Amino acid sequence: MARAYLLPEQPSTTLPPVDLETVRPLLRGLDREQRRAVTHGDGPLLILAGPGTGKTEVVTRRIAWLIATRRARPSEILALTFTERAAAEMQARVDMLVPYGRADAAIHTFHAFGDRILREHAAEAGLPAEPRVLSRPEGELILREELFRLGLRRYLPLGDPERNLRPIADWIARAKDAGLVPSEIGARVAALRASAAGRPDAEALVDDAEGLEELARAWERYEAVLRERGLLDFGDQVLRARLLLRDRPGVAARVADRFRHVLVDEGQDASAIQLDLVRAIARHGNLTVVGDDDQAIYGFRGAAEGGIARLATAFPGMRRIVLRRSYRSRRPILVAAHRLIRANGPERLAARAGVDRPLVAVRRGRRPAPVTVQGWPTDAAEADGVADAIARRVAEGAPARDHAVLVRTNGDGDRFVRALAARGLATWGSDGGRLGATPEVRELVSLLRLALDPSDDLLLYGVATAAPWRLGGSDLSRLLAEGRRDRRGLRAAMDAALAGSGLALAPGSHAAVSRLVRELDRALEEIHRRPAGDVLYGWLRGSGRYAELVAAAEKGDDRPLRRVARLFEILRSVTEVVPDARAAVLLPRLQELLAVEAEEAEDADPQPDAVAVLTVHKAKGLEFPVVYLPGLADGRFPARRRAASLPAPAGPMAEDEADPLAEERRLCYVALTRARDALVLSWATASGGSGSRVRRPSPFLAEATDRPVRLPAAAGIDALRSAIEAVVTPTAMDAPEAIADDGRPLSASRVEDQLACPLRYHLRHRLGVASPEHHALVVGQALHEAAAAWHRATLAGEEPADGLLRETLDAHWRSAGFLSREHEDARYAAALATLDRFRADESTAAASGSGRRVVAVEEPFAETVAGLPVRGRFDRIDEGPDGIVIVDYKSGEVRDPRKAAERARGSFQLHLYALAWEARTGELPAWLELRFLDGGVVGRVRPEPARLEKARSALREAAAGIAAGGREPAPDPFACGHCPYREICPASAA
DNA sequence: CCTGGTTAAATTTTT
DNA sequence: TTTAACCAGG
């Protein structure tokens, strides 16, 4: 029997005799399909390998078999994977199968292989001998450096110039995945323009075309910088290797001759350019592709839709072997998974191969557990329920590592980690700490920022409270208060205390402040002339922090020291890309550079006694005896799709598949098929916050189980309770007699800060920690002052002087908080244009005789509203035909009048001002207005009772919270992203 | 059935 | 800040 397998399936050149004993073990234990796959001779082969069908086993044995049967020398075999991890695993398994250590087959990631080709032919590829490859954040650092030279307009909002940095980097990567070069975007733009004529969506198409032109320009500039500096990015490693083979037929021929057999793992994840590269190398036809289109979950990352099918077309006569036996999951799991994936339609390869049936379960014996579905009233209840179930099983003796909780997004995992931790169970795999988020690294990054802007109290506060000084308590609070009181800042208060002319400090604090100031001054002196790493090194030695870290390491905890060492390694290597490594250059992208896992490998590998809490993407390729898949609620899984922020470089991308749910469904399929023995699906009716929306079960639940999904009756009471609590909690109308903490009156910004995040209120208003300079504030204030000066002049009956607006702008313009000189120049020019329009608008209004006149400017008030002291300043008060209009100037980039009106309606500040006006005059104003200076639009609203009442209750709620003295952070991914305190906030969700 | 206003929730990841 | 889903009201 075995002898038959030694014969080539297709006649080929005469092979030398093969020792049966070396070949037989390679086929041992394989099923029929697997054997056929392993022993396929020459010619193209597609192995359709569903989950758990022994895919890796087949590929590795096939490599060993090709070698053992002398169909290929090891060096003639090329195997391509996507991750280093997969490559390493394949290599290890081939090494075990091929004796004598002669397995020098080329097993690489696509990128490593492309890189190897490029280096071997560096001269022909027009590259330096040793091109440096950019990491992702390093690429963004280069874009950031060039930001104002990229020729961007639409994608460069002056109020937040870095907003599109990441999207543009992604866009370039996707363009390279598609195999494009910048000049080819032009063709696409032309095609879009041509096709637009006469179509109903013509406007949108032309708009996209313009956007693409802008992006192509930016891309070209980015490429020019890479060329100048001899750099490659990840996309180039594949793209330029492919272009090399296309432009140099001689090189292509040599590469194809060298690799007589090519194997591709996870073919469904390949990008268009990767597939193209494979076609070019495997033109001899000896190509083995392993994959499963039902597990294609990387469309967002550039995987080509229908990639495997396209390869099959490119290699006519490709033999197809379908692995149908699952060695992993019990039958109920396979049945549910198949029911689900079936909904993706008849184009799936399994369906086209005529095997649209569940995989055959090989593991038998003991009746398998059915797939269960649980409904929970809230997210919290779901997390507790899952954690309880796991804890119970562990108590009964099951190993913790046998359990996995699979989630759709990283954020979803947190509550399971916490719930498990509360039951004494360790977890692994959830988005572990990033290096940049560890305290050791944050301290050092803060120091760099502080050295660049020593007047930033916020940073100084952060550094002073961090190791090794660990200042805190009343001394630091008093220094802060003192610095704020005399308006000279925290540093001045420290200096005064040290000189004996200021606050008296406790001896310990005195010594710490003294050394802190000394070390800080040294860092200040060095920061602009030495690389960031050198400054940090001096600080570590001088402050004693280095000795502390070493001592901790000697005592057994070397993680802090290792993290700091990695920071230094990153700072060193970035100098290869950006020659000027001073802090001012690196800081803007430092967070991204440090967004690597804090602990090498530790979090990415299964931990011996911990429960896995993983995103489904991270779980791909893994298996667990027991899998929990919570969060199967509509909108969460399938996740709600967000509109792309940039037009796709290569036309419709994977997400534009006919069925928008298809990729999410495949993701769910991957999740279900991670389970060996037991699978528990669940969902929660509500996220749990008061007033949170009721969620419907995911459509995938019904698809997978073929049963109607109902909430268990037991959940009813909890649901009612949470519904009642939802009504009771937020209203808080009967708040206790509210007082505003130290008796200082409330203001709009105090109330808004308190409601947004009590910790932010605490830092800004109780401790008086100043926020760092921000360009939006500088520009906004200067414009504000200019408008006020104009109105003051007219109020005094004068014709405003010609240069008044510009002179006032200049007088209040400070060069602080801008990203770069170019940014400041652009914002200044924009501010001048804004003032021109302001003048024109005001002149028109004056001439129109609208019956409105300005009666007060910058008018301060202090009134009692809802029993609470409130103060503020009306920017401008007008008297119009219907009565008083309260005006507030804003400098945000609002251009749409509808948006402006919406903002006015929702403005707490305006409604508070209306109430203050009522308290002062006994009458409500007729109108409330926001005037957006940049956009020249006005949003107006009548002060309506319902909205005024809302403002009153917000005021009360804030006052109560302030009086209670709470300082709990209220992390929110969006709010934290813009919070000035995010650098020092331990709870920041940014 | 449409419109507008209100409200909660903010992807996935490797090289 | 933006978006989309939901609800009320015409």
Side-chain angles (χ1 to χ4, degrees), chain A residues 80-87 108-115 133-139 157 159-160 163 166 170 173 176-177 232-239 241 266 269-271 273-274 296-303 379 406-413 431 595-597 604 614-621 631 633-645 654-655 663-664 666-668 670-671 686-696 726 730 756 892-894 896 898-899 901-903 905-906 941 944 946-947 950 971-978 989-990:
Chain A
L80 294 170
T81 66
F82 285 88
T83 64
E84 299 286 1
R85 206 187 171 84
H108 292 302
T109 63
F110 272 99
H111 292 87
F113 175 68
D115 195 73
V133 180
L134 286 174
S135 72
R136 179 59 204 261
E138 286 169 344
D160 183 10
R163 186 190 303 165
R166 169 81 43 94
D170 275 335
K176 290 182 178 182
D177 284 334
L232 291 180
D233 64 17
F234 289 132
D236 289 333
Q237 291 184 291
V238 178
L239 175 63
E266 305 275 19
D269 291 341
S271 66
I273 193 68
Q274 285 165 338
I297 56 173
Y298 284 111
F300 70 93
R301 203 172 75 180
D379 284 350
L406 304 185
V407 292
R408 176 65 184 83
T409 69
N410 285 303
D412 289 338
D431 194 28
V596 295
E597 291 290 338
L614 303 164
T615 61
V616 182
H617 284 93
K618 284 184 191 141
K620 192 172 179 213
D634 201 19
R636 176 171 279 164
F637 198 172
R640 216 172 57 198
R641 282 160 26 107
R642 286 200 316 179
S645 60
E655 64 253 41
E663 182 152 319
E664 291 285 314
R666 290 192 292 266
L667 192 58
C668 189
V670 167
S687 49
S690 49
S692 77
R693 172 177 306 160
V694 172
R695 286 185 184 276
R696 288 175 309 194
E893 292 183 13
V894 175
D896 177 358
R898 293 222 314 261
K899 278 249 153 54
E902 199 177 299
R903 291 276 294 272
R905 269 195 304 274
V941 62
E944 285 169 21
R947 293 205 187 90
K950 213 171 119 184
D972 170 82
F974 186 82
C976 292
H978 292 271

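Below, read A as the first sequence line, B as the second, and so on, with proteins coming before strands; counting in each chain starts at 1. Predicted model only: the values in this text are computed from it and were never measured.
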- Message: Please enumerate all residues that pass ring-ring contact (aromatic ring centres under 6.0 Å, His included) together with A:F234, with sequence neighbours excluded.
- Response: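 Applying ring-ring contact (aromatic ring centres under 6.0 Å, His included) to A:F234 gives none.
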- Item | Between C:dT2 (P) and A:R898 (CZ): distance, integer Å |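 Atom-to-atom, A:R898 to C:dT2, this comes out as 14 Å.
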- Starting at atom CG of A:D634, determine the distance to atom P of C:dA4, rounded to an integer number of angstrom.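 About 15 Å, once rounded to whole Å.
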Which part of the nucleic acid, if any, lies within reach of [X] when heavy atoms closer than 4.0 Å are counted: base, sugar-phosphate only, or nothing?
X	result
A:K950	sugar-phosphate
A:R947	sugar-phosphate
A:R903	sugar-phosphate

- If you measure from the C1' atom in C:dT2 to the same atom in B:dT11, how many Å do you get, rounded?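 Pairwise C1' distance, C:dT2 against B:dT11, rounds to 16 Å.
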- Item | Shortest non-hydrogen separation from A:F637 to A:V616 and the atoms involved |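 It is CE1-CG2, 4.1 Å.
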Electrostatic pair [X]:[Y] at N-O distance under 4.0 angstrom:
X	Y	value
A:R301	A:D170	no
A:E663	A:R666	yes
A:E664	A:R641	no

- Distance in Å, A:L80 CG paired with A:T109 OG1, rounded so as to fall on 0.5 Å steps: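 It is 8.0 Å, given to the nearest 0.5 Å.
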- Would you mind telling me which residue lines up with the more 5' stretch of DNA chain C, A:K899 or A:R696, judged by nearest nucleotide?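 It is A:K899, whose closest nucleotide lies nearer the 5' terminus.
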- Message: How would you summarise protein contacts on nucleotides 10-15 of chain B per nucleotide, using B for base, S for sugar-phosphate only and - for none, with heavy-atom distances below 4.0 Å?
- Response: BBBBBB
